[in-house]
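Presented below is the structure to which this report refers.
Numbers here are sequence positions counted from 1.
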Amino acid sequence: MENRPFKPMHIFQTILDLHKEKIVIDDKLDMLNLYYTIETFLQNCRTNNMHFSNYLYEKVVLSYNQLSDELKKSMNVIYYPAIAYYDLKKQDYENAMNNLNNSIVYIEKLE
């Protein structure tokens with residue numbers, strides 16, 4: 001068996017697999033939209049393009065809030081770490097820690 005390097009898409013694919021029996025195509029598209037928006041958002045945070053990151057932050061929050069509560073429970077493991085990293089880049093350490101702690105709680109629930 002070939003060892004492939006870990007990629008963030010592996011987490012997202014696992015989340016999709018959790019819902020594959022009961023998810024409708026529109027929900028799947030909403031989840032994909034959120035995932036790729038988060039990936040673009042994080043890439044801009046990593047390169048210190050904070051002007052565009054601020055714009056994408058609004059898109060991430062909007063996309064997340066449009067998900068059903070059931071899908072939010074799963075997407076929390078991707079959403080909260082991304083928001084924590086954004087807060088860290090903005091040097092808002094208190095919110096970064098709160099969002100990081102939230103992500104840990106949601107990861108433990110999803111396990």
Side-chain angles (χ1 to χ4, degrees):
M1 188 161 103
E2 175 187 349
N3 283 338
R4 293 180 291 164
F6 174 77
K7 295 183 180 180
M9 182 57 133
H10 296 148
I11 295 171
F12 180 66
Q13 187 60 52
T14 302
I15 292 169
L16 283 179
D17 289 346
L18 290 173
H19 296 282
K20 71 180 173 185
E21 299 296 323
K22 57 188 173 191
I23 193 170
V24 296
I25 192 68
D26 287 344
D27 287 342
K28 188 174 185 177
L29 291 173
D30 288 344
M31 291 172 73
L32 281 166
N33 177 55
L34 177 58
Y35 172 76
Y36 284 112
T37 304
I38 286 174
E39 282 298 302
T40 305
F41 169 67
L42 287 173
Q43 185 59 36
N44 280 278
C45 285
R46 288 182 198 111
T47 59
N48 293 319
N49 187 356
M50 295 311 289
H51 180 72
F52 193 53
S53 294
N54 293 336
Y55 167 75
L56 288 171
Y57 171 80
E58 300 297 328
K59 292 184 70 69
V60 166
V61 171
L62 180 65
S63 294
Y64 173 78
N65 286 332
Q66 290 177 345
L67 293 177
S68 70
D69 288 341
E70 183 68 27
L71 296 179
K72 280 182 186 176
K73 288 178 187 176
S74 298
M75 294 300 287
N76 284 339
V77 299
I78 297 172
Y79 175 78
Y80 280 102
I83 299 302
Y85 185 69
Y86 173 74
D87 289 335
L88 180 67
K89 293 297 273 190
K90 289 181 17 184
Q91 298 180 345
D92 185 351
Y93 302 117
E94 187 174 334
N95 278 336
M97 284 302 297
N98 288 336
N99 284 315
L100 194 56
N101 287 333
N102 283 338
S103 69
I104 292 168
V105 168
Y106 289 119
I107 289 168
E108 289 173 347
K109 284 181 181 180
L110 198 58
E111 283 182 329

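- Under the 4.5 Å side-chain heavy-atom criterion for grouping Ile, Leu, Val, Met, Phe, Trp and Tyr, Val77 is connected to Leu88 within one hydrophobic cluster.
- For the atom pair CG of Leu56 and CG of Leu62, the computed distance is 12.0 Å after rounding to the nearest 0.5 Å.
- When all heavy atoms are compared, the tightest approach of Ala82 to Ile38 is CB-CG2, 3.7 Å.
- For the atom pair CD1 (Ile78) and CD (Glu39), the distance works out to 8.0 Å, reported to the nearest 0.5 Å.
- Closest of all the heavy-atom pairs between Asn95 and Asp92 is ND2-OD2, 2.8 Å.
- Note on ring orientation: taking the six-membered ring where Trp is involved, the planes of Tyr86 and Phe41 are tilted (angle from 30° to 60°).
- Note that CG of Leu32 and CG of Asp27 are 11.0 Å apart. Values are rounded to the nearest 0.5 Å.
- The two residues Ser63 and Leu34 have their closest heavy-atom pair at CB-CD1, 3.9 Å.
- Within the 4.5 Å cutoff, the side chain of Val60 has heavy atoms near those of the Ile83 side chain.
- Note on Val61 and Tyr106: same hydrophobic cluster, where clusters join Ile, Leu, Val, Met, Phe, Trp and Tyr whose side-chain heavy atoms are under 4.5 Å apart, directly or indirectly.
- When the shell of 6.0 Å around CE of Met97 is examined, it contains 12 or fewer heavy atoms from other residues, nucleotides or ligands.
- Using a 3.5 Å distance cut-off with no hydrogens or angles, the side chains of Asn99 and Tyr85 do not pair a donor with an acceptor.
- Hydrophobic clustering (ILVMFWY, side-chain heavy atoms < 4.5 Å, transitive): Phe52 and Tyr57 are in one cluster.
- Closest of all the heavy-atom pairs between Leu67 and Lys72 is O-CE, 3.4 Å.
- At distances below 3.5 Å, not a single donor-acceptor pair connects side-chain atoms of Asn33 with backbone N or O atoms of Leu29.
- No side-chain donor-acceptor contact under 3.5 Å links Ser103 to the backbone of Tyr80.
- Here the NZ atom belonging to Lys73 is positioned 9.0 Å from the OG atom belonging to Ser68, to the nearest 0.5 angstrom.
- Residue-environment remark: NZ (Lys59) stays at or below the threshold of 12 foreign heavy atoms within 6.0 Å.
- You'll find the side chain of Met75 reaches within 4.5 Å of the side chain of Met31, heavy atoms only.
- For the atom pair Met50 CE and Lys89 NZ, the distance stands at 7.0 Å (nearest 0.5 Å).
- Cluster membership check: Val105 does not share its hydrophobic cluster with Tyr79, using side-chain heavy-atom separations under 4.5 Å among Ile, Leu, Val, Met, Phe, Trp and Tyr.
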